[in-house]
Visitor: 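I have a structure I would like to understand better, so I am pasting it below and will then ask my questions one at a time.
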Amino acid sequence: IRDKLVTGVQTCALPISYKTTTTSSNTNATYTSVAELTTVSLPVGLYFFKFVGLMQSGVTTSGVGVRIVNGTSVVSTCNAKWVIAQGANGAVNMSFEYDQLATTTNLVSASVQTANTTFNVTGMGLFRVTTAGTVAIQIRSEVNANSASLLADSSLIVELV
């Protein structure tokens, strides 16, 4: 926890932590917000976030997508690094790394070799809220009608910089 001295008044910028208790699934190729990883209304400011999650693709040859987006807020800046660790396309150990440069950036993994294999996803970066409101983690399946799931115990930490 970092303390800041502002006009003689000490304030504390506490991180806000969200954790999933259930599995969230998406069966189409469009992004869907994860309710448990949607923030409370955040005031205007610059935020640091860290995401750690466990995901599954319900079938082979279908990847997953994950990103951070504005919910009811307006996010003017979004710079994040995402890593989706999995074996794919004949490679046993391969991680896919993506830069998210806007809230509309689509982040996708390559197809998974085995259905229902659990793999980890991490993300870290900054976003600037210019109109107060919520921010969310979204997931998607890369192929319509196939399941992509974010498992319980995935977490999002958000901190005002």
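Just so you know, these numbers come straight off a predicted model, no measurement behind them.
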Visitor: Among the clusters formed by ILVMFWY side chains lying less than 4.5 Å apart, do V83 and V121 turn up in the same one?
Guide: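 No; V121 is not reachable from V83 via cluster members.
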Visitor: For T130 and V74, indicate whether the former's side chain and the latter's backbone hold a donor-acceptor pair under 3.5 Å.
Guide: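 Checking the backbone N and O of V74 against the side chain of T130, a donor-acceptor pair under 3.5 Å is found.
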Visitor: Linking I/L/V/M/F/W/Y whenever their side-chain heavy atoms sit closer than 4.5 Å, directly or via other members, would F49 and V69 fall into one cluster?
Guide: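 No; V69 is not reachable from F49 via cluster members.
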Visitor: In Å, rounded to the nearest 0.5 Å, how long is the span from NZ of K50 to CE of M124?
Guide: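 Those atoms lie 6.0 Å apart.
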Visitor: Do any N or O atoms from the side chain of D99 and from the backbone of L101 form a donor-acceptor pair under 3.5 angstrom?
Guide: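 Checking the backbone N and O of L101 against the side chain of D99, no donor-acceptor pair under 3.5 Å is found.
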Visitor: Rounded to the nearest 0.5 Å, what separates atom OG1 in T23 from atom CE in M55?
Guide: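 Rounded to the nearest 0.5 Å, the OG1-CE separation comes out at 11.0 Å.
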Visitor: Where do D153 and K19 land on the side-chain contact (heavy atoms from CB on, under 4.5 Å) test, with the steps shown first?
Guide: CA-CA 6 Å; D153 297 323; K19 189 173 186 178; 3.4 Å; yes
Visitor: Heavy atoms only: give me the nearest L46-L160 pair and the separation to one decimal.
Guide: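 Minimum heavy-atom separation between L46 and L160: O-CD1, 3.4 Å.
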Visitor: Closest approach of Q138 and S33, non-hydrogen atoms and distance?
Guide: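 Looks like NE2-OG, 3.2 Å.
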Visitor: Measuring only between side-chain heavy atoms, which start at C-beta, is L126 closer than 4.5 Å to T77?
Guide: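 No, side chains not in contact.
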Visitor: Do I68 and F51 have side chains that get closer than 4.5 Å, going by heavy atoms?
Guide: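 Of all side-chain heavy-atom pairs linking F51 with I68, none is under 4.5 Å.
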Visitor: Would you say V161 ends up clustered with I157 if hydrophobic residues are merged whenever their side chains have heavy atoms under 4.5 Å apart, either directly or through other cluster members?
Guide: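 No, no single cluster joins them.
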Visitor: Determine whether T103 and F127 satisfy the following criterion, side-chain contact (heavy atoms from CB on, under 4.5 Å), listing intermediate values before the conclusion.
Guide: CA-CA 9 Å; T103 57; F127 61 88; over 6 Å; no
Visitor: Applying a strict under-4.5 Å side-chain criterion to I, L, V, M, F, W and Y, I'd like to know whether L150 and L54 cluster together.
Guide: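 Looking at the clustering, L54 is in a separate group from L150.
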Visitor: Just by distance, with hydrogens left out, do S149 and S25 show a side-chain donor and acceptor under 3.5 Å apart?
Guide: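 S149 vs S25: donor-acceptor pair found between side chains.
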Visitor: Do the non-hydrogen side-chain atoms of T105 and R67 ever get within less than 4.5 Å of each other?
Guide: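 When only atoms from C-beta onward are counted, R67 and T105 do not touch, as no gap falls below 4.5 Å.
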Visitor: Are the side chain of T20 and the backbone N or O of L37 linked by a donor-acceptor pair below 3.5 Å?
Guide: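 A pair under 3.5 Å: no.
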Visitor: Answer yes or no: is there a side-chain heavy-atom contact under 4.5 Å between L42 and I16?
Guide: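 Side-chain contact under 4.5 Å: yes.
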Visitor: Given the rule that I, L, V, M, F, W and Y join up when any side-chain heavy atoms are under 4.5 Å apart, are L156 and Y31 in one cluster?
Guide: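 Result: yes, single cluster for both.
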Visitor: When rounded to the nearest 0.5 angstrom, what is the spacing between CD in E97 and CH2 in W82?
Guide: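 That separation rounds to 13.0 Å.
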Visitor: When you compare the side chains of S24 and E36, does any donor N or O come within less than 3.5 Å of an acceptor on the partner?
Guide: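 The criterion, which ignores hydrogens and geometry beyond distance, is not satisfied for E36 and S24.
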Visitor: Of the non-hydrogen atoms in Y18 and T38, which two are nearest, and what is the gap between them?
Guide: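 Heavy-atom minimum between the residues: CE2-O, 3.8 Å.
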Visitor: Please answer whether the main-chain N or O of V75 pairs with a side-chain N or O of N70 as donor and acceptor at a distance below 3.5 Å.
Guide: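 Absent.
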Visitor: I'd like to know if the side chain of S73 and the backbone of T134 have a donor-acceptor N/O pair within less than 3.5 Å.
Guide: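 At least one qualifying donor-acceptor pair exists.
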Visitor: Within a strict 4.5 Å, meaning less than it, do heavy atoms of the V135 and V129 side chains meet?
Guide: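 Sidechains of V129 and V135: in contact.
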